[in-house]
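Only one structure is covered here, and it is reproduced in the block below.
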Amino acid sequence: MTPAPQRGLPGTLQGLLRKAVPATPQELAAALWSFGYFFALLAGYYVLRPLRDQMGIAGGTRALPWLFTATFLTLLAAQPVYGALVARLPRARFIPIVYHFFVLNLALFWLLLALDVAPLIVARVFFVWVSVFNLFAVAVFWSFMADLFTSEQGKRLFGFIGAGGTAGALLGPVITIALAVPLGPHNLLIAAIVFLEIAVFCAARLERSAGVSQGAGQRRDDGATQRVGGSAFAALTGLVRSPYLLGVAAWVSLLSFGATILYLVQANMVAEHVQGAGAQTRIFASIDLIVGLLTLATQVFATGHFLKRFGTGIAAAALPAVYVVGFVLLWWSPGLMVVLVFQVVQRWMNFAIANPARQVFFTVVGREEKYKAKNMIDVVVYRGTDALYGWVFSSLQAMGLKIGAIALCALPVALLWTVLSTALGRHQERRAALHDSGDAQGDPAR
């Protein structure tokens with residue numbers, strides 16, 4: 001895919017954009033609309049995230065493994081519905097349908113919360129819904145990006161595009177911190193609805209700006225109008241037949257392991273040491289804000305250069321390396337401040353370095369795999385293992401293990417994850433080289 005050139009901007013502004021954005025003139029419009037799309041999407045989510053975390057505590061921390069399980073079952077039921085939608089509708093139609101469905105859900109939650117209907121049940125359902133929304137909405141976005149951009153373009157542009165999401169992730173907590181108390185948390189859902197509608201608008205503009213090839217053989221990218229096709233259940237067959245995709249699925253499962261263990265440690269620590277829903281919500285929003293500032297600076301100034309110089313393997317391995325160090329420190333000194341700093345650093349490294357590398361992994365697979373198998377990995381595999389690891393954590397607590405001992409048990413898993421990251425990076429680089437040289441044979445997902 002070679003996006004269309006940006007027209008209608010003054011020369012000075014174009015010059016500044018070219019310095020700030022690692023894109024060619026033909027890619028600039030698509031890069032900017034992608035930035036805006038991700039900005040609006042994550043701004044909406046990060047308005048909701050602190051509210052979700054507070055509701056998770058309000059429902060009882062011991063109920064969290066059950067909520068993770070409910071999230072997985074919901075995703076498992078939704079996956080074939082999404083697969084059927086992708087198979088039957090072109091990209092330009094099914095992407096708005098997905099986001100408008102979430103908008104309708106938010107409107108219903110706002111009504112229930114405003115009327116104070118069954119608050120405990122609504123809180124638990126909302127926790128599950130936000131977890132489902134986050135994975136589906138972001139997975140659809142990155143499937144779109146992997147469909148539009150090549151591996152080489154992804155290394156240059158995914159850091160900048162990810163910075164759009166980070167900027168949105170900065171705005172979301174600011175809105176929550178400022179308005180959660182004076183307006184009431186439930187009214188924040190209106191802001192999330194507005195941001196989702198802005199994301200849909202940006203996605204539509206991205207479709208219009210993308211797809212014009214250079215040279216005499218200019219043609220419109222047909223990804224927007226052609227159906228992906230295949231079966232509603234093709235995600236599973238595509239996954240099990242591809243050792244490469246199975247490796248990526250294992251990477252995502254290990255990501256879920258680290259994030260789940262740390263999240264549950266954080267939830268228990270905050271519930272024990274911080275009293276009051278407002279104070280807890282502000283702590284979570286403050287973590288989001290700090291992570292966003294660090295991530296944005298890294299994505300703007302370092303991510304693209306890091307990926308180009310060190311490759312996807314080292315970039316993907318940076319995150320498990322943080323977990324190795326973090327679990328050692330948590331074993332050595334299991335306190336609230338250690339947990340919060342660990343959470344900030346791992347999320348920073350994930351969003352700034354590891355996640356762009358993971359998205360580049362999918363640029364070298366077939367189109368059906370980009371939407372179906374990728375969605376299954378990012379959504380069902382992630383939340384399925386999330387639920388599993390939630391019960392693992394609960395079982396370790398039931399056995400009498402304290403936080404330090406649980407961190408020590410998690411350490412070998414993080415070391416294994418580091419090794420897998422480098423192996424996947426080597427495989428991705430080989431496949432990208434074959435694609436670039438035109439020597440790839442057969443199904444690229446194999």
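When reading the values below, keep in mind they use all heavy atoms of this one structure, side chains included, and skip hydrogens, waters and symmetry mates. Throughout, residue positions are numbered sequentially from 1 according to the sequence presented.
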Consider side-chain contact (heavy atoms from CB on, under 4.5 Å). Of [options], which one does [X] pass it with?
X: Met145; options: Leu157, Leu206, Thr363; value: Leu206
X: Trp110; options: Leu188, Asn187, Ile193; value: Asn187
X: Met349; options: Leu294, Val322, Thr298; value: Val322

For [X] and [Y], take the angle between the two ring planes, folded into 0 to 90°, and tell me which bin it lands in: parallel under 30, tilted 30 to 60, perpendicular over 60.
X: Phe102; Y: Tyr99; result: tilted
X: Tyr323; Y: Trp417; result: tilted
X: Phe127; Y: Tyr263; result: tilted
X: Phe39; Y: Phe35; result: parallel

Nearest-0.5 Å distance, CZ of residue Phe141 to SG of residue Cys202: 10.0 Å
I need the Gln428 CD to Ser151 OG distance, nearest 0.5 Å. 4.0 Å
Can you confirm whether the side chains of [X] and [Y] place a donor and an acceptor under 3.5 Å from each other?
X: Asp378; Y: Trp142; answer: no
X: Trp391; Y: Thr69; answer: yes
X: Asn350; Y: Gln346; answer: no

Using a cut-off of 6.0 Å, state whether more than 12 heavy atoms not belonging to [X] lie near its atom [atom1].
X: His305; atom1: NE2; answer: no
X: Trp331; atom1: CH2; answer: no
X: Ile121; atom1: CD1; answer: no

Report yes if the side chains of [X] and [Y] come closer than 4.5 Å at any heavy-atom pair, otherwise no.
X: Trp129; Y: Asn105; answer: yes
X: Phe201; Y: Trp33; answer: yes
X: Met269; Y: Ile403; answer: yes
X: Thr385; Y: Phe72; answer: no
X: Gln266; Y: Leu262; answer: no
X: Tyr382; Y: Ser253; answer: no
X: Trp348; Y: Ile290; answer: no

Considering all heavy atoms, the nearest [X]-[Y] contact:
X: Ala203; Y: Ile95; value: CB-CG2, 4.4 Å
X: Thr295; Y: Ala352; value: CG2-N, 3.8 Å
X: Ala321; Y: Thr418; value: N-OG1, 4.0 Å
X: Leu41; Y: Ala137; value: CD2-O, 3.6 Å
X: Ile161; Y: Ala31; value: CG1-O, 4.2 Å
X: Leu255; Y: Leu319; value: CD1-CD2, 3.4 Å

Look at the side chain of Gln153 and the backbone N and O of Thr150, then say whether any donor-acceptor pair between them is shorter than 3.5 Å. yes
Check: Leu67 main-chain N/O paired with Thr71 side-chain donor or acceptor under 3.5 Å: yes
Is the shortest distance from a Lys or Arg side-chain nitrogen in Lys308 or Glu152 to a carboxylate oxygen in the other one below 4.0 Å? no
Does the ring centre of Tyr45 sit less than 6.0 Å away from the ring centre of Phe195? no
Centre of Phe362's six-membered ring, under 6.0 Å away, within 45 degrees of the axis: is that where NZ or CZ of Lys374 sits? yes
